[in-house]
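Each ligand, and each atom within it, is numbered from 1 in the order the structure gives.
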Amino acid sequence: MKFTVAIDGPAASGKGTISRRISEYFGFSYLDTGLIYRFIGLKVLSGFDPLEAIAQLNYDEIEVEGLRTEAVSKMASQIASDIKVRNALVEYQREFSRRCGGAVLDGRDIGTVICPNAEIKLYITASEEIRANRRFQELAEKDKGLKIESLIVELRARDLADKERKVSPLLKAEDAVLLDTTELSIDASVALAVNAISKVIRLST
Ligand code: DC
């Protein structure tokens, strides 16, 4: 079976956790496309040319450790506005989306550019305050000096850059289901997403 779930949304909206949970629930493969941009961002920070970094990319071997820092987030967002970088990643993502057994991809342009014909698209969002709080809970354990104020500034700047860039900006696809998780627990958000996807699966079988 080929079935693509396209998930987009701003930083720290919960889309990563929800995507992973959905992929486990349905037994679909999962591609965190933000991780790819983060990998390239980290490489660029250590002196590589972004296209050289893409040539070295092996998704299954990406080490998540060190990729969630503010510096990497910022550089990932910066290199993501380069059309040459985006173009070099399109085919890999599309091929992944057509995997037999179903695929979940999350990012910023999945429903709009990478998989415009996905069987279902979700746009996951939450208020800025909630997103900054969630990111804080996630990072504060390891970074004792972390300030929520600096996280809010970073999230706001990154959202703006991702939404306003010329190439493949973050945008809700017209046919995407909007999931606002501001007042929802992760379990409740996952349940809503699972319901929406199950409905489409039922209709298509
Ligand atoms: O989802 P994330 O926060 O890990 O993504 C990091 C950055 O990568 C994000 O700020 C913008 C970029 N990105 C993108 O432009 N397109 C994608 N499909 C995924 C991520």
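Scanning all protein heavy atoms for the shortest distance to atom 1 (O) of ligand 1 gives R108 NH1, 2.8 Å. Here the heavy atom of the protein found nearest to atom 6 (C) of ligand 1 is R158 NH1, 3.6 Å. Among protein heavy atoms, the minimum distance from atom 4 (O) of ligand 1 is reached at R38 NE, 2.7 Å. Scanning all protein heavy atoms for the shortest distance to atom 8 (O) of ligand 1 gives Y37 CB, 3.4 Å. Nearest non-hydrogen protein atom to atom 12 (C) of ligand 1 is A80 CB, 3.7 Å. The protein heavy atom nearest to atom 16 (N) of ligand 1 is R86 NH2, 2.9 Å.
A donor-acceptor contact shorter than 3.5 Å is absent between the side chain of R86 and the backbone of L89. Checked by atom type and distance alone, the side chain of D109 never pairs as donor or acceptor with a backbone atom of T112 at under 3.5 Å. Judged by distance alone, with hydrogens and angles left aside, the side-chain atoms of S13 form no donor-acceptor pair with the main-chain N or O of G9 at under 3.5 Å. With hydrogens and angles disregarded, no donor-acceptor distance shorter than 3.5 Å links the side chain of S150 to the backbone of L146. Side chain of R131 to backbone of A11: a donor-acceptor contact under 3.5 angstrom is found. The closest donor-acceptor contact from the side chain of D159 to the backbone of P10 lies at 3.5 Å or more, if one exists at all.
Under a 4.0 Å criterion applied to the non-hydrogen atoms of T33, ligand 1 contributes the atoms 17 (C), 18 (N), 19 (C). Each of the following atoms of ligand 1 lies closer than 4.0 Å to a heavy atom of D162: 9 (C), 10 (O), 11 (C). Every atom of ligand 1 with a heavy atom of K15 under 4.0 Å away is listed here by number and element: 1 (O). Shown in contact with G107 at under 4.0 Å from a heavy atom are these atoms of ligand 1, numbered in order with element: 17 (C), 18 (N), 19 (C).
The aromatic rings of F96 and Y59 stand perpendicular to each other, their planes meeting at an angle above 60°, with 30° marking the opposite boundary.
Counting heavy atoms closer than 4.0 Å to ligand 1, residue R165 contributes side-chain atoms (C-beta onward) but none from N, CA, C or O.
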- Task: With salt bridge (charged side-chain N to carboxylate O under 4.0 Å, His left out) as the test, would you mind laying out the steps for E128 and R135 before giving the verdict?
- Result: CA-CA 11 Å; E128 188 179 85; R135 192 48 51 97; over 6 Å; no
